[in-house]
Amino acid sequence: MSFRFRAIAAAVLSLASLATGGLAQAADLPVKAAKKAPDLPFFLVIDDRVSFSWMPKGTDPGMWSTRPDGSINGTTAKQVYSFTHFDLWAYGTNFFTISMFKSGHNDPASPCVAPGVTITGGVGNCAGATEIYGLFRSTFGWNELFNTKTFTMGPLHNISFEVGMDANTENNFLAPAKRDVVAGLQFAFDLPYKGYVNVAPLMYWEFLNHNAFTQCGLFGAGVAGVTCNSDGNVSYNPTWAVEVNYYMDLGFLPPNMQFWSISGRAGWYGPKGDSNGLPALSGTGIFSTKSKTELNSEPIRLTFDASKAALGDKYSHFVDLWVAYRYWQNKFGLDHNAMAGVCTVAATGQSTKSCTESTVYGGITVKF
């Protein structure tokens, strides 16, 4: 925007100098056609990518089975198909991603309520569940909004307003339908080798979700709002959140090896109330259904820029190969030490290993 303002100001000053010189004098001067200031595009950067990844040890809370030796299997392999969009415009940035997670049989689709078991208690070999998860975040930079550099000092690159929303749906019996909004600030810092780290303290409000197991009529009539939810929909309390993400090229490597970069993210989300929306039924110990602080993170992803290595700098990050570590504790806010029947076995209190996700996974990303 500052370039555009300078161009307009220069044009105004040129006209003013002609006016003060008088019409006769102006007519006597050689006239050169004024060059029109170039218009900046609305989007300064647009980056669209598709990815495929394979996650060998994904989890879905409450989905677990018992192996022949009596041990618990709380993981399932997942294929992940993703589309991401990023753009930069005059006042900030926009980021959007949508992913499809296709699970194995240990995370079954409806009508199974557990691996190999249908809602009627019969035997059923249900296909793996499919989840769709979408997220967007938008920022509005203070430097851009106020046409200043006041909010750039030292490693601090900018301060921004940030807003966003998440939504998901899954075809298992639980039938989650998460809807949440976030709002707050983002502090953007520079890292070496053209890197960055962004820290965003936010307000998080999950205003809607769905839990078919709490729906009135499933286990008897029940009392809506006390022992069951009338339609299975659950609302939560607003809480705090902190989201962090970073990226940095490994520019300290020799020039003939500068095809590598690291990146990562982490999100902490505070307790949001009772996980079933029915606090009157929440017990103590393993029977507690109170939500806990959730950590959803990918602390490190190592990326190899395959297209740059094969075709040169012009094609940097057109094809990336990567491997990452994913750690998600108290998944969806569920207490991994409680939530009997979901995160722990109700009879013994043993962990089902389904409410914490810890897996190495890898994939390929293509820019278009």
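These numbers come from a predicted model, not from an experiment.
Note: the hydrophobic cluster containing Met248 also contains Leu302 (ILVMFWY, side chain heavy atoms under 4.5 Å, direct or indirect links). Criterion: ILVMFWY side-chain heavy atoms under 4.5 Å apart, direct or through other members. Under it, Phe213 and Val223 are not part of a common hydrophobic cluster. Under the 4.5 Å side-chain contact rule for hydrophobic residues, Val342 and Val117 do not share a cluster. Tyr269 and Met203 end up in different hydrophobic clusters when Ile, Leu, Val, Met, Phe, Trp and Tyr side chains are linked at under 4.5 Å. In the hydrophobic clustering of this structure, Phe332 does not group with Ile132; members are Ile, Leu, Val, Met, Phe, Trp, Tyr whose side-chain heavy atoms approach within less than 4.5 Å, directly or through other members.
Ala109 and Cys126 get closest at one heavy-atom pair: O-CB, 3.5 Å. The shortest non-hydrogen separation linking Ser282 to Thr289 is OG-N, 3.0 Å. The minimum heavy-atom distance between Gly285 and Ala338, with the atom names listed, is O-CB, 3.4 Å. Closest approach of Asn229 and Asn276 over heavy atoms only: ND2-O, 3.1 Å.
Phe304 CZ to Trp260 CH2: the interatomic distance, rounded to the nearest 0.5 Å, is 5.5 Å. Atoms NZ and OG, from Lys194 and Ser261 in turn, are 12.5 Å apart once rounded to the nearest 0.5 Å. The CG atom of Leu145 sits 7.5 Å away from the OH atom of Tyr91 when rounded to the nearest 0.5 Å. From Ile159, atom CD1 reaches atom CZ of Phe189 across 8.0 Å, with rounding to the nearest 0.5 Å. The CE atom of Met165 sits 10.5 Å away from atom CZ of Arg137, with the distance rounded to the nearest 0.5 Å. Taken to the nearest 0.5 Å, the CG atom of Asp305 stands 4.5 Å off from the OG atom of Ser307.
Distance alone, capped at 3.5 Å, is enough to place a donor-acceptor pair between the Gln258 side chain and the Gly251 backbone. Checking side-chain atoms of Asn330 against main-chain N and O of Thr293 turns up a donor-acceptor pair under 3.5 Å. In terms of modelled atom types and a separation under 3.5 Å, the side chain of Arg179 and the main chain of Leu208 share no donor-acceptor contact. Checked by atom type and distance alone, the side chain of His336 never pairs as donor or acceptor with a backbone atom of Cys355 at under 3.5 Å. A distance-only check finds a donor-acceptor pair linking the side chain of Thr214 to the backbone of Asn211 [under 3.5 Å].
Residues Phe187 and Trp142 place their aromatic rings such that the two centres sit no closer than 6.0 Å. The distance between the ring centers of Phe52 and Tyr81 falls below 6.0 angstrom.
Residues Glu170 and Thr130 have side chains not in contact (no heavy-atom distance under 4.5 Å, counting atoms from C-beta outward). Residues Pro238 and Phe207 fail the side-chain proximity criterion, which asks for heavy atoms closer than 4.5 Å. In this structure the side chain of Tyr236 reaches within 4.5 angstrom of the side chain of Asn209, judged on heavy atoms. When side chains are defined from C-beta on, His105 does not count as touching Thr76, because their heavy atoms never get closer than 4.5 Å. Considering only heavy atoms from C-beta on, Ser110 stays 4.5 Å or farther from Asn172 through its side chain. The shortest distance between side-chain heavy atoms of Ile286 and Asn337 does not fall below 4.5 Å. Counting heavy atoms from C-beta on, the side chains of Phe252 and Tyr193 come closer than 4.5 Å. With a 4.5 Å cut-off on side-chain heavy atoms, Lys178 and Asp180 count as touching.
Taking the six-membered ring for Trp and thresholds of 30 and 60 degrees, His85 and Phe83 have nearly parallel ring planes, at less than 30 degrees apart. Relative orientation of the Trp89 and Phe42 rings is parallel, given thresholds of 30° and 60° on the angle between their planes. Classified by interplanar angle (parallel below 30°, tilted 30° to 60°, perpendicular above 60°), the ring pair Tyr247/Tyr196 is parallel.
A donor-acceptor contact closer than 3.5 angstrom is absent between the side chains of Thr97 and Thr84. A donor-acceptor pair shorter than 3.5 Å cannot be found between the side chains of Ser351 and Thr344. Side-chain atoms of Glu294 and Trp328 form a donor-acceptor pair, as typed in the model, at a separation below 3.5 Å. Side-chain contact check for Lys78 and Tyr361: no donor-acceptor pair (N or O, by modelled atom type) lies under 3.5 Å. In this structure, a donor-acceptor pair under 3.5 Å is present between the side chains of Asn106 and Ser65. Between the side chains of Asn168 and Glu131, a donor-acceptor pair is found at a separation under 3.5 Å. A donor atom on one side chain and an acceptor atom on the other are found under 3.5 Å apart for Asp231 and Asn233.
Tested against Thr152, the residues Asp190, Asn158, Asn143 include a single side chain to side chain donor-acceptor pair (under 3.5 Å) partner, Asn143.
Residues forming a side chain to side chain contact (heavy atoms under 4.5 Å, CB included) with Trp54 (at least two apart in sequence, or on another chain): Pro56, Ala77, Gln79. The side-chain hydrogen bond (donor to acceptor under 3.5 Å, both in side chains) check on Tyr325 picks up Ser358, with sequence neighbours excluded.
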Fill in: side-chain contact (heavy atoms from CB on, under 4.5 Å) between Phe318 and Phe368, intermediate numbers included
CA-CA 7 Å; Phe318 273 72; Phe368 63 94; over 6 Å; no

Worksheet item: After noting the C-alpha distance and the side-chain angles of Val123 and Thr118, does the key distance pass the side-chain contact (heavy atoms from CB on, under 4.5 Å) rule?
Response: CA-CA 6 Å; Val123 177; Thr118 67; over 6 Å; no

Item to complete: Report the C-alpha separation of Val197 and Val244 in whole Å, then their side-chain angles, then the decisive distance to 0.1 Å, and conclude whether the side-chain contact (heavy atoms from CB on, under 4.5 Å) test is met.
Response: CA-CA 7 Å; Val197 57; Val244 179; 4.1 Å; yes

Practice prompt. Please assess Thr139 against Thr93 for the test side-chain hydrogen bond (donor to acceptor under 3.5 Å, both in side chains), listing each intermediate value before the final yes or no.
Written response: CA-CA 5 Å; Thr139 64; Thr93 64; 2.6 Å; yes

Worksheet entry | side-chain contact (heavy atoms from CB on, under 4.5 Å) evaluation trace for Tyr327 with Ser297 | CA-CA 5 Å; Tyr327 183 76; Ser297 69; 3.7 Å; yes

Discussion item. Could you go through Tyr133 and Asp166, starting from their C-alpha distance and side-chain angles, then the distance that decides it, and tell me whether this counts as side-chain hydrogen bond (donor to acceptor under 3.5 Å, both in side chains)?
Written reply: CA-CA 8 Å; Tyr133 197 105; Asp166 298 50; 2.9 Å; yes

Practice prompt. Would you check, one step at a time, whether the test side-chain hydrogen bond (donor to acceptor under 3.5 Å, both in side chains) holds for Ser82 with Ser99?
Written response: CA-CA 4 Å; Ser82 303; Ser99 298; 2.7 Å; yes

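We find that Arg326 and Glu357 are joined by a salt bridge, their nearest charged nitrogen and carboxylate oxygen being less than 4.0 Å apart. A salt bridge links Arg49 to Asp320: one of the charged nitrogens lies within less than 4.0 Å of a carboxylate oxygen. Residues Asp47 and Lys367 are paired through a salt bridge, judged by an N-O separation under 4.0 Å between the basic side chain and the carboxylate.
More than 12 heavy atoms of other shown residues, nucleotides or ligands fall within 6.0 angstrom of atom CH2 in Trp240. Counted within 6.0 Å of NZ on Lys331, heavy atoms from surrounding residues, nucleotides or ligands total more than 12; the atom is thus considered enclosed.
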